[in-house]
Structures are given as C-alpha cells and as structure tokens.
Chemist: 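What follows is a structure written as structure tokens; I'll ask about it next.
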Amino acid sequence: MQIEHQPAGDLKNRIRSESLSFNGQPVVEFDGKEVRLHADDGSGDTTWPFPLPRSAISFFPAPPGTRRLACFRNHVSCIRVFSPNPKVMGGLVKKPDSHPERSPANFAEWLFAMQAADFKIGVALANSLREATEDHACQILIISHHPELINQLAAHSGTLFERSESGTTTCRRFEWRDQEHATPAELVARGWE
C-alpha cells in the first residue's frame with residue numbers, strides 16, 4: 001500500500017496504490033484509478049473505476065468466486081488496536097459495555113461488564129484470550145508488567161525482551177520451573193529473569 005500525503009494542514013490523504021496477493025497470486029490490485037479483482041480460480045478479472053481516497057480492498061463486498069478476498073477481510077476485521085489514554089478513561093459506570101473503545105474511554109464500563117459476566121480481572125482475560133487462540137487458530141501478543149498476568153502466562157508461553165547497553169534488543173523464552181520457590185512475577189520484580 002502506498003499513501004499519498006497532502007500538504008500540511010490538508011487531511012485529505014489518499015491511497016495511491018495497494019495490492020493483495022495470496023501465495024504469489026494476485027487477489028486485488030489498485031493503481032489509484034482502477035481496481036482489478038482476480039477470481040480465485042483464474043477464470044477472469046473484473047476491473048472498475050475507483051476514484052475514492054480509501055482502501056479499495058475494504059470497500060466492496062467480496063463477490064462470489066473471491067473467497068481469498070473474503071477470508072482476508074474476515075481476518076483483518078478481527079484485529080483490535082488499543083491506545084490506552086488515562087486522561088479520557090472514565091471512572092464511573094453508566095452502563096456495562098462489552099466492547100472496549102480504542103482509547104479505551106469506556107474501560108470502567110467494559111471492566112464492569114466483564115465482572116458481571118463472572119470473569120476475574122486479568123486471569124480471566126488471559127484465559128479468555130488463550131481460549132480464543134485455540135478456537136480461532138490465531139496469535140495474541142500481550143505486553144504487561146502486571147504480576148497476575150505474568151504468573152498466569154509467562155511460565156508456559158512467555159517471551160522476555162532484554163535491551164543491552166549497546167541498545168540492541170534480544171528476545172528469549174521465559175524460563176521458570178514449577179519447583180522454583182519464587183513466582184514468575186517475583187523473578188521479574190527482582191531482576192532474576
């Protein structure tokens with residue numbers, strides 16, 4: 001994907017071009033003017049003009065014979081990106097909300113909904129995420145210093161990132177054994193792991 005940025009102050013940036021391929025075979029191609037959709041079976045291409053500044057891949061419904069496009073869009077629609085901003089997070093619950101916002105300004109409402117559904121904070125979320133990875137064959141990355149999450153997840157599937165004095169960062173599997181006297185969170189807090 002190439003994005004064309006307009007001069008400062010003009011928020012009308014547009015997608016100059018984008019393409020999607022699967023195993024080296026084109027699925028969708030957009031050159032900034034026209035969209036070309038390739039059928040899964042190679043039976044032919046469909047081309048139409050597309051003057052809008054947004055993504056052509058996400059705009060049109062996937063027509064019959066384009067299962068690769070439908071699968072890609074289905075996977076992308078499941079991605080959630082959060083950018084926590086404590087300044088906008090409310091502390092009062094007006095009504096439970098099962099879907100956290102990106103900021104997440106509705107964190108209290110979301111947390112209340114999770115508790116009302118009989119989930120325990122942190123550990124329940126980790127268990128839910130683990131079940132989601134098993135049910136949907138996906139990968140979830142959680143970055144946390146919270147001791148409950150570290151104890152729940154680090155021992156079996158944790159990765160430790162370490163930055164050297166030179167500034168390079170390396171990663172390795174978190175090492176912890178059941179017979180150790182300290183929990184994984186205690187090892188991290190003491191700098192032993």
Chemist: With sequence neighbours left out, write down each residue that passes side-chain hydrogen bond (donor to acceptor under 3.5 Å, both in side chains) with Ser17, or none if nothing qualifies.
Modeler: Gln2
Chemist: What's the spacing between Asp31 CG and Arg36 CZ if we round to 0.5 Å?
Modeler: 8.5 Å
Chemist: Please, which pairs that meet salt bridge (Lys or Arg N to Asp or Glu O under 4.0 Å) have at least one residue in residues 61-74, sequence neighbours excluded?
Modeler: Asp40-Arg68
Chemist: What are the two closest heavy atoms between Ala113 and Pro96, and how far apart are they?
Modeler: CB-CB, 3.8 Å
Chemist: Could you tell me which residues satisfy side-chain hydrogen bond (donor to acceptor under 3.5 Å, both in side chains) with Thr170, sequence neighbours excluded, listed by chain and number?
Modeler: none
Chemist: Sequence neighbours excluded, which residues qualify as side-chain contact (heavy atoms from CB on, under 4.5 Å) partners of Asn106?
Modeler: Asp97, Pro100, Glu101, Pro104, Glu109
Chemist: Please answer whether the main-chain N or O of Ala185 pairs with a side-chain N or O of Trp176 as donor and acceptor at a distance below 3.5 Å.
Modeler: no
Chemist: In the structure I gave you, are the side-chain heavy atoms of Leu20 and Phe72 within less than 4.5 Å of one another anywhere?
Modeler: yes
Chemist: Would you please name every residue forming a side-chain contact (heavy atoms from CB on, under 4.5 Å) with Thr159, sequence neighbours left out?
Modeler: Phe161, Cys171
Chemist: According to side-chain hydrogen bond (donor to acceptor under 3.5 Å, both in side chains), who are the partners of Thr168, at least two apart in sequence or on a separate chain?
Modeler: Ser164, Ser166
Chemist: Which heavy atom in Val27 sits nearest to a heavy atom in Leu37, and how many Å separate them?
Modeler: O-CD1, 3.6 Å
Chemist: Please check if the side chain of Asn23 supplies one atom and the backbone of Gln25 the other of a donor-acceptor pair under 3.5 Å.
Modeler: no
Chemist: Of all residues at least two apart in sequence or in a different chain, which pass the side-chain hydrogen bond (donor to acceptor under 3.5 Å, both in side chains) check with Asp41?
Modeler: Ser43
Chemist: Tell me the ring-ring contact (aromatic ring centres under 6.0 Å, His included) pairs involving residues 17-46, sequence neighbours left out?
Modeler: Phe30-Phe50
